[in-house]
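Beneath this line is the structure, given in structure tokens, with notes to follow.
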Amino acid sequence: MEPTPFEMIGGAEAVRALVERFYDAMERHEPALARLHPMDDGGHVDRGSRDRFALFLIGWLGGPQDYIERHGHPRLRMRHGRVRVDEAMRDAWLRSMKIALDEGGVRGSLRAFVDQRFAEVADFMRNTSG
């Protein structure tokens, strides 16, 4: 059996670190996107958002399905329906993830795989033109 992307990236702790880098990059470079999330008293995307995305990403990459057990099916478009997602928002999200992956040293076939999958999902999330 081939390893899952979850295993290739380094397991749950590596995914959690990726999520932290992602939101930190979003706060630094895409403040309009960051402000769409609940913020803590320090002005950072709150722990709940970070932990929930980490759980989702762990399962999405082929790891334990704890997100589904706790929250049910992701229903990504429905859960994000309150947010206007256009091309600019999609691209801001992808730029933040690119920084997080770069900083984490994700390369090679794993990087090609996750880049393609993130781009597909981010484009699927668009709910308005432009």
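Fair warning: this is a prediction, and the values are worked out from it, not measured in the lab.
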I need the minimum non-hydrogen distance between [X] and [Y], along with the two atoms involved.
X     : Y     : result
Ser49 : Asp46 : OG-OD1, 2.7 Å
Ala25 : Ile99 : CB-CG2, 3.6 Å
Ile58 : Ala12 : CD1-CB, 3.9 Å

Q: Kindly say whether Met125 contributes a backbone atom to a donor-acceptor pair with the side chain of Arg90 at under 3.5 angstrom?
A: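 Absent.
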Q. Under the 3.5 angstrom rule, does the side chain of Asp40 hit a backbone N or O of Arg47 as a donor-acceptor pair?
A.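 A pair under 3.5 Å: no.
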Going by the rule side-chain hydrogen bond (donor to acceptor under 3.5 Å, both in side chains), which residues pair with [X] if we only count those two or more places apart in sequence or in a different chain?
X     : result
Ser96 : none
His44 : Glu27
Asp91 : none

If the condition is side-chain contact (heavy atoms from CB on, under 4.5 Å), which residues does [X] pass it with, not counting sequence neighbours?
X      : result
Pro31  : Arg35
Leu57  : Val15, Leu18, Val19, Phe53, Trp60, Leu61, Phe118
Glu120 : Gln116, Arg117

Got [X] and [Y] here, is their nearest side-chain heavy-atom distance under 4.5 Å?
X     : Y     : result
Phe22 : Arg50 : no
Glu69 : Asp66 : yes
His73 : Ile68 : no

**Q.** Evaluation steps, side chain to side chain contact (heavy atoms under 4.5 Å, CB included), between Val85 and Thr128
**A.** CA-CA 6 Å; Val85 181; Thr128 190; 5.9 Å; no
Q) Sequence neighbours excluded, which residues qualify as salt bridge (Lys or Arg N to Asp or Glu O under 4.0 Å) partners of Asp86? A)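 Arg84.
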Q | Pairs involving residues 95-109, ordered by first then second residue, that meet salt bridge (Lys or Arg N to Asp or Glu O under 4.0 Å) (sequence neighbours left out) | A |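 Listed once each, the pairs are Arg28-Glu103, Glu30-Arg95, Lys98-Asp102, Asp102-Arg111.
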Q | salt bridge (Lys or Arg N to Asp or Glu O under 4.0 Å): pairs with one or both residues in residues 10-19, sequence neighbours excluded | A |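 Found Glu13-Arg16.
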Q: Hey, could you give me the CZ/CG distance between Arg52 and Leu55, rounded to the nearest 0.5 Å?
A: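 If we round to the nearest 0.5 Å, Arg52:CZ and Leu55:CG are 9.0 Å apart.
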Q: State plainly whether the residues Asp123 and Arg126 are in salt-bridge range, i.e. N to O under 4.0 Å.
A: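 Here Asp123 pairs with Arg126 in a salt bridge, since their nearest N and O are under 4.0 Å apart.
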Check residues 1-10 and write down every donor-acceptor pair under 3.5 Å in which the side-chain atom is one partner and the other belongs to a residue at least two apart or another chain.
residue: Thr4; atom: OG1; partner: Phe6; partner atom: N; Å: 3.4
residue: Thr4; atom: OG1; partner: Glu7; partner atom: N; Å: 3.0
residue: Glu7; atom: OE1; partner: Thr4; partner atom: N; Å: 2.8

Q. Under the ring pair (Phe, Tyr, Trp, His ring centres under 6.0 Å) test, which residues partner His71, sequence neighbours left out?
A.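 With sequence neighbours excluded, His71 shows a ring pair (Phe, Tyr, Trp, His ring centres under 6.0 Å) to Tyr67, given in chain and number order.
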